[in-house]
Amino acid sequence: MINIVLLSLLVVIAIAIIRMKDLFAVVMLTGIYGLLSASFFVAMDAVDVAFTEAAVGAGISTLLMLVAITMTGRKEKVTRHKPFAALFIVLITGGLLIYGTLDMPLFGSADAPIHSHVAPRYLNDSMQEIGIPNVVTSVLASYRAFDTFGEVVVIFTAGIGVLALLFVPRRKEEDEKIASINDSMHEHHLVIRIITKMLIPFILLFALYVQFHGDYGPGGGFQAGVIFSSAIVLYTMLFGLSTARKVINQGFIQLMAAFGVLFYGCVGIASLMNGGNFFDYNVLSDDPVAGQHLGILLIEWGVGVTVAAIMIIIFFSFAGRRELQQHSENNKNRESL
Amino acid sequence: MEILLSITSGLFLFIGSFLCISGGVGIIRFPDFYTRMHAAGVTDTLGSAMILTGLMFQSGDLLVFAKLVMVLLLILLVGPTTSHVLAKAAFHNGLLPQGLNTLSKSDDKEDTSSNT
């Protein structure tokens, strides 16, 4: 019953997103879409996925889209032509995809390949082999460590792409001007600044909890990285980019992003050196289970560091561009005056 | 004692859910942005605080109680702040409360003739 309600709400929101012309409302609806999918995942008992969806889909991606909108403008461009050919292709592709799902086993059926092949092995043996209560973490970080490595590399690549497109080399003398603009802008945001100052330590602490509690409950490097970076983003929004850059150096954060991926890979190399397979943590310690624990802890740490650093880099790049835009606009205004 | 606890808890839960529902009705029924935000902000903060207090009476476990207290503190901190920021942002972008809108326009016209 609750599944039906959530799914129909998802459909309604998807249609609303297509119909809307106001991009700000579209971004907000996308956030709501993410939150609804998260509650849908909770209803299906996939707590880890829900956690990630709530942190990434509803949280930080909405924020990044909002920052992007501040640069591009709020309204969607009006299209005059009616793209019937595109509609035709989309309908055919969608029809084929739905036709493809007819061959799939019914939702939740016990004799589906996924339930007869790998899932029982993970559920039955992971406690002896890995020894941590959260099976999702042991699948993600140990059995499927190579896939997760790929995911981290994808995130790293995305960060590098944003950096290559939007990186603004900063000149020293502009810093003072930008800082003064920021100060005048943020002087009156007293209430939210104080509340944020009170909350940021707890957000950071919660990120660390999620990071290191991933073995026992829902959580892990991806979620922790996003939560950690969201605290930094909050700080940046309220205290200005130049202040935040004083706290977190751009060079340092780039170094950390690369370091996380490298660290992850090095754990795999270390297990190769010790005579096991790539990402075979059994050989990292004398006791196989202790080795697994160590390996999972280390690679989750690498994931968390990379994700946090990349999210901060993306936000900094967007915000830096925005600041540059504002700066040039101010200059123009001054010239015209 | 047991009965007393469940009665108080039920009372708090009832008030809380009533406030939440009235907040939802308010968002739909009120005329302009500020009154709607008032409905959403004030009643939701108080409503969820009431619901959490009601749940606290039912938590036998100390850990659950502590978690509920933390959630309550978070809501008491964040709820009013978000309403405040929302109203402030709307006001800064030039959205005036309904009624004041027409008033200020007529004020502008009067400003040219008499400075009141």
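Worth saying up front: this structure is predicted, and the values here are computed from it rather than measured. Just so we're on the same page: letters track the sequence lines, and every chain starts at 1.
Around CD1 of Ile2(A), the count of heavy atoms belonging to other residues, nucleotides or ligands within 6.0 Å does not exceed 12. Sparse packing is recorded around CE of Met65(A), with 12 or fewer heavy atoms of other residues, nucleotides or ligands lying under 6.0 Å away. Atom CZ of Phe315(A) sits in a crowded spot, with more than 12 heavy atoms from other residues, nucleotides or ligands closer than 6.0 Å.
Looking at Ile192(A) and Thr82(B), their side chains never come closer than 4.5 Å, going by heavy atoms from C-beta outward.
Annotation: the span from Arg193(A) atom CZ to Thr81(B) atom OG1 amounts to 15.0 Å, rounded to 0.5 Å. A distance of 11.5 Å separates CG in Leu77(B) from CD1 in Ile194(A), rounded to the nearest 0.5 Å.
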